[in-house]
Amino acid sequence: MFLNSWSIALSLLSSAVLFFAAVSGKTAWRVLRSWNPASDDREQIALESEIWLTSTLIEYTLAFQIIGLILLVLAADSFCEVIVGAMCATGSLLANAYGVPALMVKLVGLFFYGFWIVLHRLDISAETYPLVRIKYLYFLVLLPLLGGDVLLQSLYLANLQPDIITSCCGVIFAEGGDGGMNLLAGFDGPRLLFLFYGLALLLAMGGGGLRRRARRWGALVYAGGWLFFLLIAIVAVTVVFSSYIYAMPYHHCPFCILKPEYRSIGYALYGTLLPAAFMGMSVGLVQPLRRWAELRPAIERMEKAFLTGSLLLLAAFVCLASYHLVLYRLTGGE
């Protein structure tokens with residue numbers, strides 16, 4: 001499947017990412033060894049000039065990897081048209097052993113890559129660049145994740161064969177569990193909804209309280225709450241909300257909602273949930289950086305912007321997720 005247009009696009013993007021990461025990694029290693037802002041020797045001056053270009057290069061490299069997540073989902077949705085048994089991206093990703101791990105690594109990477117960009121933006125807000133060593137050390141830690149991301153994606157594309165029979169979402173997410181896999185076992189719809197709306201309400205109240213009076217521990221709890229809500233929300237969309245979108249009680253799938261016949265509402269759902277979760281978690285992750293006094297004004301501005309953004313996107317996500325369920329109840333099941 002490497003000759004498929006989606007595969008070519010993903011492979012080219014990954015090749016560019018690996019090249020830029022290798023170039024940037026060399027500078028990151030030099031920063032850890034030689035960075036000394038108190039010095040004015042030739043090496044330090046050259047390094048100060050170099051990190052501007054390298055930091056921008058890293059920022060774009062990680063942004064490309066975030067775009068790669070979207071491309072992989074679009075590619076998997078396209079592959080289902082040629083893979084036997086696949087009805088959506090679920091079947092395409094399960095066509096070999098590397099599809100789901102590749103998606104999971106990209107999804108986790110979405111947050112880790114974004115956090116580096118947050119660090120970089122805070123660092124350049126201060127004249128002394130206090131986070132240079134930290135952000136370049138973090139980038140070196142990210143290199144194995146980047147490598148694993150690209151490797152799993154390449155293995156998935158290399159082992160994708162159109163004549164392989166795979167399972168559709170109707171089997172993978174079936175409630176009955178009559179043979180095959182049952183990924184919905186153990187999830188109860190009413191309890192899941194109670195947990196979903198309860199957490200959303202707590203996040204809204206906690207975020208509103210933090211906007212009025214920010215507290216360090218409150219921000220950390222808010223970040224942890226968003227991590228938990230992200231997991232619950234993805235399960236709730238799959239188990240409960242998707243069946244109302246499809247108007248089929250036994251159709252549960254987190255990918256079919258991306259299709260045009262369902263007005264591609266999945267893009268709106270995930271496009272509000274993931275940025276909201278990232279902003280909410282970032283509110284807590286920037287708290288340890290308050291130890292640098294020169295960063296506090298930028299951190300406070302970022303906190304306020306992220307709190308506002310996460311609350312607005314939370315409201316939008318809950319409304320979008322609930323729309324078909326509420327419509328179904330109001331119309332008496334029509």
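Heads up: numbering here begins at 1 and tracks the sequence. All values below were derived from every heavy atom in this structure, side-chain atoms included, with hydrogens, water molecules and symmetry-related copies excluded.
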Salt bridge E59-R121, side-chain N to carboxylate O under 4.0 Å: yes
Whether S34 side chain and V31 backbone form a donor-acceptor pair below 3.5 Å: no
F19 CZ: over 12 foreign heavy atoms closer than 6.0 Å: no
Aromatic plane relationship, W52 with Y129 - under 30° parallel, 30 to 60° tilted, over 60° perpendicular: perpendicular
Point-to-point distance, once rounded to the nearest 0.5 Å, from CG of L62 to CG of L142: 6.5 Å
Nearest-0.5 Å distance, CG of residue N96 to CD of residue Q161: 9.0 Å
Shared hydrophobic cluster, V132 / L53 (ILVMFWY, side-chain heavy atoms < 4.5 Å): no
ILVMFWY cluster, L274 and I67 together (side-chain gap under 4.5 Å): yes
Short side-chain to backbone donor-acceptor contact, S242 and V237, under 3.5 Å: yes
Validation row, ring centre F229 to ring centre F196 under 6.0 Å: yes
Any donor-acceptor pair under 3.5 Å from D149 side chain to L145 backbone: no
Test side-chain contact (heavy atoms from CB on, under 4.5 Å) applied to Y197 and V318, step by step: CA-CA 8 Å; Y197 287 114; V318 171; 3.9 Å; yes
Distance-only donor-acceptor check, side chains R329 and Y244, under 3.5 Å: yes
Full working for salt bridge (Lys or Arg N to Asp or Glu O under 4.0 Å) between R30 and E50: CA-CA 10 Å; R30 288 181 57 212; E50 187 176 338; 2.5 Å; yes
Y113-W116 aromatic ring centre distance below 6.0 Å: no
Residues T272, L312; criterion side-chain contact (heavy atoms from CB on, under 4.5 Å); working and verdict: CA-CA 9 Å; T272 52; L312 290 175; over 6 Å; no
Test item: S125 side-chain N/O and L122 main-chain N/O as donor-acceptor pair under 3.5 Å: yes
Donor-acceptor pair, side chain of R290 and main chain of R296, under 3.5 angstrom: no
Distance-only side-chain donor-acceptor flag, Y136 / S24, under 3.5 Å: no
F228: ring pair (Phe, Tyr, Trp, His ring centres under 6.0 Å) partners, not counting sequence neighbours: none
Side-chain donor or acceptor of Y98 paired with backbone N/O of L160 under 3.5 Å: no
Full working for side-chain contact (heavy atoms from CB on, under 4.5 Å) between V286 and M302: CA-CA 9 Å; V286 299; M302 182 174 285; 4.3 Å; yes
Value rounded to 0.5 Å, distance of CD1 in I245 from CE in M248: 12.5 Å
Side-chain donor/acceptor of Q44 to backbone N/O of W35, under 3.5 Å: no
Side chain S243, main chain V240, donor-acceptor under 3.5 Å: yes
Donor-acceptor under 3.5 Å (Q65 side chain, T61 main chain): no
Working for side-chain contact (heavy atoms from CB on, under 4.5 Å), residues E43 and N36: CA-CA 10 Å; E43 183 179 9; N36 181 13; over 6 Å; no
Short side-chain to backbone donor-acceptor contact, H251 and Y246, under 3.5 Å: no
Any side-chain donor near an acceptor of the partner, Y222 and S310, under 3.5 Å: yes
Same apolar cluster (I L V M F W Y, side chains within < 4.5 Å links), I234/L202: no
E294 versus T128, side-chain donor and acceptor atoms under 3.5 Å: yes
Path from L140 to L18 over hydrophobic side-chain contacts below 4.5 Å: no
Plane angle bin for F115 and F278 - parallel if under 30°, tilted between 30 and 60°, otherwise perpendicular: parallel
Pairs involving residues 68-94, ordered by first then second residue, that meet salt bridge (Lys or Arg N to Asp or Glu O under 4.0 Å) (sequence neighbours left out): D77-K259
